[in-house]
Every structure is written in structure tokens, then in C-alpha cells.
Amino acid sequence: MGDERAMTENKILWEIAHQQVPYPDALARMERDARAIRAGGQAEHVWLLEHPPTYTAGTSARPEDLFNPSGYPTWPAGRGGQWTYHGPGQRVCYVMLDLTRPHGPVPARDVRAYVHALEEWLIATLRRFDVTGERREGRVGVWVVDPVTGAEEKIAAIGVRVSRWVSWHGVAINVDPDLSDFGGIVPCGIREHGVTSLRRLGHEVFMADVDRALRESWTECFGSVPVEGEYLEA
């Protein structure tokens, strides 16, 4: 019985939405799921999706950092951080975990270690495409050095919220978005560095390739084994 319980606890539901999910629908579902996980009525899970073009404001977002020449929808996100762009070609990964218990190398009730593991997850995923992702002191997200220009550019964003020790929101990795859309904001409040994508760096990968790499990297960073689940509409 003990071994069977351990096997169950060492798995995580892995869901992929195959159509774009409007941002407010995703927020509503995440909030609902976080409550259910806290109550013990729902499994922890990772939700992979794309959003229509959208600008989201973290709790530190400044109005002067939003330009929005295309008139895209803007939404308060309720997570930490500043302005972020989401859109087609960007893989968004929402991570809903019960942080009152450990997850592989991540100790219980340690938000800093949790964020560090999210960063490591992105770095390990990029490594599978021979891309070196790096942390930068004082800059949130994962950064790369453009091999042609030598410029440091952001390839993945992180924004989390923890409500009574259940995590929601998560990370976003630029696969092949329209990078000009990032010009509608000051991404994460950082003016002196740009953004890039796997495609911009010369890697012609598809979203399914990135999903596979994310899944393969998950276990080494969080310990649990992803189990396919059916995506339910928000």
C-alpha cells in the first residue's frame, strides 16, 4: 500500500490545450484549480497552452511601460512582476503544485527554491536544443547571448503566484512568436535588453518539439513523472 501511494504521489497531470485560450478564461481556471488542489479534490498539474495576443500586468506594472499600438487586450494578472506579452508562438506553462510538500529537489514551503527550479526547468529545456539559457542577477527570467550580435536577450519569462501554498501562473518560452509585439510594452520593466526566440536563434523547432523537451526536463527538476491528461475547457 505504501509503495502504491508513493507511485501516485510521484506523478503529475500533464495537459496541453490545442486551441488558444483567452487570458481571463485561463485565470479563472487556474484560480479554481488552485482552490481544488488546496482542498485535496484535484491533482497537481502542468497546463501547456497558447494565448491570443495579450498584455498582462503583474503587481509591479507601471502604466507608462504600456504602449500597445495594436490595441491588444490588457489584463491584470495577479502575479508578481511587471508587463508581459503572451501570444501565438509562445509556449505558456501554468504550474499548479501543492508547495506544502517537497517536489524532488524542491523543499516544502520554499518559494525561492520553487522559482529556482522553474528557471532550471527552462534552462534544461533549452539545453535540449543546444541553446545555453542563463540566469542574470537582478533580472527575472532566462537569458541567452545572441551568437551573432553578442547581445543578451530574454527568451523565457517567469511569473508566479502562491496562494496558501498552492502555486499558479508559471513560465513562458518564446518558440516563434511575433517579436515585434513585445515592442508594445517594456517587457518586465527592462529597457536595456531585448527579447528573442528559438526561431530567431536559428532553431526551426515546432511547438510539439518544445513540449517534448519540457516534459523530458520536468522530472529531473521536480521529481514527478508527467502523466497525460485530457484538457478540459475553462
Next on the checklist: For Val115 and Val160: C-alpha separation, side-chain torsions, deciding distance, then whether side-chain contact (heavy atoms from CB on, under 4.5 Å) applies.
Outcome noted: CA-CA 8 Å; Val115 173; Val160 304; 4.0 Å; yes
Checklist entry - Distance from Met30 atom CE to Ile37 atom CD1, nearest 0.5 Å? => result 11.5 Å
Next on the checklist: Contact between Ser197 and Val175 at the side-chain level, heavy atoms closer than 4.5 Å - yes or no?
Outcome noted: no
Item to check | Ser60 (side chain) donor-acceptor with Gln82 (main chain) under 3.5 angstrom | outcome: no
Next on the checklist: Is the shortest side-chain heavy-atom distance between Met96 and His45 below 4.5 Å?
Outcome noted: yes
Next on the checklist: For Thr56 versus Ala77, what's the shortest heavy-atom pair and its separation?
Outcome noted: CB-CB, 4.1 Å
Checklist entry - Is there a donor-acceptor pair under 3.5 Å between the side chain of Thr54 and the backbone N or O of Pro52? => result yes
Checklist entry - Hey, do the aromatic rings of His103 and Phe222 have their centres closer than 6.0 Å? => result no
Next on the checklist: Once side-chain contact (heavy atoms from CB on, under 4.5 Å) is applied, do any residues pair with Ser163, and if so which ones, sequence neighbours excluded?
Outcome noted: Arg38, Arg161, Trp168
Item to check | Test: Arg215 and Glu228 ion pair at under 4.0 Å | outcome: yes
Checklist entry - Any link between Leu201 and Val171 through a network of hydrophobic side chains (Ile, Leu, Val, Met, Phe, Trp, Tyr) touching at under 4.5 Å? => result yes
Checklist entry - Which other residues end up in the same hydrophobic cluster as Leu66, if Ile, Leu, Val, Met, Phe, Trp and Tyr are linked when side-chain heavy atoms come under 4.5 Å apart? => result Tyr55, Tyr72, Trp83, Tyr85, Leu179, Phe182, Ile185, Val195
Checklist entry - Taking side chain as C-beta onward, heavy atoms only, is Glu15 less than 4.5 Å from Leu13? => result yes
Next on the checklist: Tell me every residue that passes side-chain hydrogen bond (donor to acceptor under 3.5 Å, both in side chains) with Arg62, counting only those two or more places apart in sequence or in another chain.
Outcome noted: Asp65
Next on the checklist: Using the rule given for side-chain contact (heavy atoms from CB on, under 4.5 Å), can you reason through Val21 versus Val92, listing the C-alpha separation, both sets of side-chain angles and the distance that settles it, and then say yes or no?
Outcome noted: CA-CA 10 Å; Val21 180; Val92 176; over 6 Å; no
Item to check | Flag, side chain of Asp25 to backbone of Pro22, donor-acceptor distance under 3.5 Å | outcome: no
Checklist entry - Would Ile16 and Leu122 show up in the same hydrophobic cluster when neighbours are defined by side-chain heavy atoms closer than 4.5 Å? => result yes
Next on the checklist: I need the Asp33 CG to Glu44 CD distance, nearest 0.5 Å.
Outcome noted: 12.0 Å
Next on the checklist: Against Trp14, only a single residue in Asp211, Val227, Leu214 fulfils side chain to side chain contact (heavy atoms under 4.5 Å, CB included); can you say which?
Outcome noted: Leu214
Checklist entry - Below 4.5 Å, heavy atoms only, C-beta onward: do Val111 and Trp165 meet side chain to side chain? => result yes
Checklist entry - Does Val144 offer a backbone N or O that forms a donor-acceptor pair with the side chain of Lys154 under 3.5 Å? => result no
Item to check | Ile12 and Leu97, any side-chain heavy atoms less than 4.5 Å apart | outcome: yes
Next on the checklist: Would Val145 and Glu134 count as a side-chain contact (heavy atoms from CB on, under 4.5 Å) here? Give the steps.
Outcome noted: CA-CA 9 Å; Val145 177; Glu134 300 174 331; 4.2 Å; yes
Checklist entry - Is the closest side-chain heavy-atom distance between Gln90 and Met207 below 4.5 Å? => result no
Item to check | For the student: nearest non-hydrogen atoms of Val210 and Thr125, plus distance | outcome: O-CG2, 4.4 Å
Item to check | Euclidean distance, Asp181 CG relative to Asn68 CG, rounded to 0.5 Å | outcome: 9.5 Å
Item to check | Closest non-hydrogen atom pair, Thr219 against Pro226 | outcome: OG1-CD, 3.6 Å
Checklist entry - Within the distance-only criterion (no hydrogens, no angle test), does the side chain of Glu119 pair as donor or acceptor with the backbone N or O of Gly141 below 3.5 angstrom? => result no
Next on the checklist: Which heavy atom of Val106 sits nearest to which heavy atom of Ala117, and what is that distance?
Outcome noted: CG2-CB, 3.5 Å
Checklist entry - Which residues pass the salt bridge (charged side-chain N to carboxylate O under 4.0 Å, His left out) test with Glu152, sequence neighbours left out? => result Arg136, Arg139
Item to check | Heavy-atom closest pair, residues Arg128 and Glu216 | outcome: NE-OE1, 3.2 Å
Next on the checklist: Students often mix this up, so state it plainly: with edges at 30° and 60°, are the rings of His51 and His86 parallel, tilted or perpendicular?
Outcome noted: tilted
Item to check | Parallel, tilted or perpendicular, as decided by the 30° and 60° cut-offs, for the rings of His169 and Tyr94 | outcome: perpendicular
Checklist entry - Can we say Glu204 and Arg199 salt-bridge, meaning some charged N sits less than 4.0 Å from an Asp/Glu carboxylate O? => result no
Checklist outcome for this item: Across all chains, not counting sequence neighbours, the side-chain hydrogen bond (donor to acceptor under 3.5 Å, both in side chains) partners of Tyr114 are Ser167
Checklist entry - Would a distance-only check, ignoring hydrogens and angles, find a side-chain to backbone donor-acceptor pair under 3.5 Å from Arg135 to His116? => result yes
Checklist entry - Would you say the side chain of Pro88 lies within less than 4.5 Å of the side chain of Pro53, judging by non-hydrogen atoms? => result yes
Item to check | Steps toward side-chain contact (heavy atoms from CB on, under 4.5 Å) verdict (Arg79, Thr84) | outcome: CA-CA 11 Å; Arg79 52 159 174 77; Thr84 299; 3.1 Å; yes
Item to check | Side chains of Asp176 and Leu198 in contact at under 4.5 Å (non-hydrogen atoms) | outcome: no
Checklist entry - How long is the gap from CZ on Arg164 to CG on Leu99, to the nearest 0.5 Å? => result 14.0 Å
Item to check | Any pair counted as ring-ring contact (aromatic ring centres under 6.0 Å, His included), so long as it reaches residues 118-156, sequence neighbours left out | outcome: Trp121-Trp218, Trp143-His193
Item to check | Smallest separation among heavy atoms of Ala124 and Cys221, with atom names | outcome: CB-SG, 4.5 Å
